[in-house]
Amino acid sequence: MNRADFKAALLAKGKYYHIHHPFHQAMYSGDCSPEEIRGWVANRYYYQVNIPRKDAAIMANCPDASVRRLWLQRVLDHDGHDEDEGGIEAWLSLAESVGLSREEVVDQRHVLPGVRFAVDAYLNFARRATWQEAACSSLTELFAPEIHQSRLDSWPTHYPWIKTEGYSYFRKRLSEARRDVEHGLAITLDYFTTADQQERALEILQFKLDILWTILDALTMAYRHGTPPYHTVTDQPVWHRGV
C-alpha cells in the first residue's frame, strides 16, 4: 500500500475500538451503576500505571536518541514532572471522585485476573518486540480523543454524583493523545513499507485493540453479569494483587 492507503487501513481498525464495547456504551448512556463505574476506574488504574513502563520499554529498545527524546514525553505525562502531577495522579483523583479510596486503588485489590493478564500481555509485548512494533501498538491513540470527549460530554449528566474535579484526566488526555499519535503514526508509516510489514502492523494494532476489548469483557462478567472469578466456589475475592 502507498502511504495514504496504509494510513486509511490503520484508521479503519477504529471499528474494533473499545468505544463500541457494550460496557462502554452502557457508561455513555448512563446505564452503569456506581459499583460498575468504580469497578472500571479501579481496574483501569492497572492499565494506567503500566503505560509509562510500556513506554520506558520502547525507549530501552530504541537506539535513536531523537526518537527517545520525543517518546520520553509520554512517560512524563503519566508519571508527572515539575508542576505537572501527571496522568496517574489525575486518575487517582478520578478514583476519589467516584468514591474509591486512594489506598484500595493503589494496592490493586480490585484488579481482576483477566484485566491483569491482558495488561501484562501488552507490557511483555512492548518489552520483547522491536521498538518500531511496540510504537505501532500505541496507535489505538488514533481513536482515543473521541473516547475521552464522550466521557466529558456524557458523564456529568448521567452521573452527577461524580465530583467534577475527577474529570481532569480526560481533559488532559485530549491534547496529549493527539500529539502522541502524530509521532507514533509517523514512525509506523515510515517503517512499515512492504506488504508483509504493513500486514504485521495491522496485526499489531488489532492485538492492542484485543487487549482493550478483553479488559472490558472481564469487567462485564464481574460487574454487569455478577459472575466474578471463582464466584461458583467462594463469595470472597481471591485475586487480590495477583502473584
Side-chain angles (χ1 to χ4, degrees), residues 1-21 24 44 46-64 66-78 87 91 115 118-151 169-170 172-217:
M1 288 179 279
N2 61 37
R3 194 178 181 90
D5 289 344
F6 181 34
K7 180 179 178 180
L10 292 167
L11 288 169
K13 286 289 187 179
K15 65 183 178 181
Y16 301 111
Y17 192 49
H18 63 165
I19 196 172
H20 303 298
H21 193 285
H24 263 309
R44 179 78 180 192
Y46 189 66
Y47 179 82
Q48 299 302 132
V49 295
N50 277 286
I51 290 175
R53 298 179 69 196
K54 174 266 299 183
D55 290 323
I58 292 174
M59 290 192 295
N61 290 330
C62 178
D64 189 331
S66 64
V67 172
R68 294 199 304 271
R69 281 193 294 270
L70 290 174
W71 209 270
L72 176 61
Q73 186 60 51
R74 296 168 183 250
V75 177
L76 297 176
D77 287 342
H78 281 83
W91 195 267
V115 172
V119 173
D120 288 352
Y122 181 38
L123 178 58
N124 288 330
F125 172 80
R127 287 170 169 166
R128 297 170 183 172
T130 67
W131 70 268
Q132 295 97 334
E133 288 184 335
C136 175
S137 72
S138 74
L139 286 184
T140 48
E141 292 165 342
L142 284 165
F143 322 115
E146 179 184 1
I147 208 168
H148 295 312
Q149 189 63 59
S150 67
R151 292 164 186 156
Y169 177 86
F170 304 139
K172 188 177 192 301
R173 287 304 297 165
L174 281 175
S175 58
E176 290 175 354
R178 292 188 179 99
R179 179 207 62 212
D180 290 346
V181 78
E182 290 181 9
H183 186 214
L185 183 59
I187 290 171
T188 300
L189 295 176
D190 288 343
Y191 178 76
F192 296 89
T193 56
T194 69
D196 287 345
Q197 287 176 324
Q198 290 172 348
E199 183 61 31
R200 174 61 176 159
L202 293 170
E203 290 173 354
I204 290 168
L205 181 52
Q206 185 62 56
F207 162 74
K208 175 61 182 306
L209 292 163
D210 292 346
I211 293 291
L212 298 174
W213 198 274
T214 297
I215 289 171
L216 294 182
D217 283 348

Give, for atom [atom1] of [X] and atom [atom2] of [Y], the distance between the pair rounded to the nearest 0.5 Å.
{"X": "D64", "Y": "I187", "atom1": "CG", "atom2": "CD1", "result": "8.5 Å"}
{"X": "K13", "Y": "Q206", "atom1": "NZ", "atom2": "CD", "result": "4.0 Å"}
{"X": "N2", "Y": "L189", "atom1": "CG", "atom2": "CG", "result": "10.5 Å"}
{"X": "Y16", "Y": "T140", "atom1": "OH", "atom2": "OG1", "result": "15.5 Å"}
{"X": "I204", "Y": "C136", "atom1": "CD1", "atom2": "SG", "result": "5.0 Å"}
{"X": "H21", "Y": "L209", "atom1": "NE2", "atom2": "CG", "result": "12.5 Å"}

Taking all atoms of both residues into account, what is the closest heavy-atom pair of [X] and [Y], and its distance?
{"X": "H183", "Y": "V67", "answer": "CE1-O, 3.9 Å"}
{"X": "S138", "Y": "K54", "answer": "CB-NZ, 4.2 Å"}
{"X": "T214", "Y": "A118", "answer": "CG2-CB, 4.3 Å"}
{"X": "Y17", "Y": "A144", "answer": "OH-CA, 3.5 Å"}
{"X": "S150", "Y": "I19", "answer": "OG-CD1, 4.4 Å"}

- Item | Short side-chain to backbone donor-acceptor contact, R68 and C62, under 3.5 Å |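 Between the backbone of C62 and the side chain of R68 there is a qualifying donor-acceptor contact (under 3.5 Å).
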- Short side-chain to backbone donor-acceptor contact, D5 and M1, under 3.5 Å: no
- L10 versus F6: any side-chain heavy-atom pair under 4.5 Å? yes
- Do the side chains of Q198 and L202 get nearer than 4.5 Å, heavy atoms only? no
- Note on the structure: Checking L139, T188, D210 against L205 for side-chain contact (heavy atoms from CB on, under 4.5 Å), the one that qualifies is L139
- Message: I'd like to know whether D196 forms a side-chain hydrogen bond (donor to acceptor under 3.5 Å, both in side chains) with T194, so could you lay out the CA-CA distance, the side-chain angles of the two residues, the decisive distance to 0.1 Å, and finally the verdict.
- Response: CA-CA 5 Å; D196 287 345; T194 69; 5.6 Å; no
- Query: What residues form a side-chain hydrogen bond (donor to acceptor under 3.5 Å, both in side chains) with D55, not counting sequence neighbours?
  - Reply: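 Applying side-chain hydrogen bond (donor to acceptor under 3.5 Å, both in side chains) to D55 gives W71.
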- Message: Can you list everything that forms a side-chain hydrogen bond (donor to acceptor under 3.5 Å, both in side chains) with Q149? Sequence neighbours excluded, please.
- Response: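 In terms of side-chain hydrogen bond (donor to acceptor under 3.5 Å, both in side chains), with neighbours along the sequence ignored, Q149 is linked to D153.
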With a 3.5 Å cut-off and sequence neighbours excluded, list the donor-acceptor pairs that the side chains of residues 121-133 form with protein atoms.
from: Y122; atom 1: OH; to: K208; atom 2: NZ; distance (Å): 3.4
from: N124; atom 1: ND2; to: D120; atom 2: O; distance (Å): 3.1
from: T130; atom 1: OG1; to: E133; atom 2: N; distance (Å): 3.1
from: E133; atom 1: OE2; to: R200; atom 2: NE; distance (Å): 3.1

- Task: Please step through side chain to side chain contact (heavy atoms under 4.5 Å, CB included) for the pair R44 and W91, ending with a clear verdict.
- Result: CA-CA 9 Å; R44 179 78 180 192; W91 195 267; 3.2 Å; yes
- Message: Before you tell me yes or no, could you show the steps for R74 and I58 under side chain to side chain contact (heavy atoms under 4.5 Å, CB included), namely the whole-Å CA-CA distance, both residues' side-chain angles and the distance that decides it to 0.1 Å?
- Response: CA-CA 11 Å; R74 296 168 183 250; I58 292 174; over 6 Å; no
- Message: Taking atom CD as the centre, does E146 end up with more than 12 heavy-atom neighbours from other residues, nucleotides or ligands that are less than 6.0 angstrom away?
- Response: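 Open: at most 12 neighbouring heavy atoms sit under 6.0 Å from CD of E146.
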- Around K7, counting heavy atoms of other residues, nucleotides and ligands shown, do more than 12 lie under 6.0 Å from its NZ?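 Count not over threshold, so no.
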- Could you go through the side chain to side chain contact (heavy atoms under 4.5 Å, CB included) check for L212 and Y47 one step at a time? CA-CA 9 Å; L212 298 174; Y47 179 82; 4.0 Å; yes
- Task: Taking the six-membered ring for Trp and the full ring for Phe, Tyr or His, determine whether the centres of W213 and H18 are under 6.0 Å apart.
- Result: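 No.
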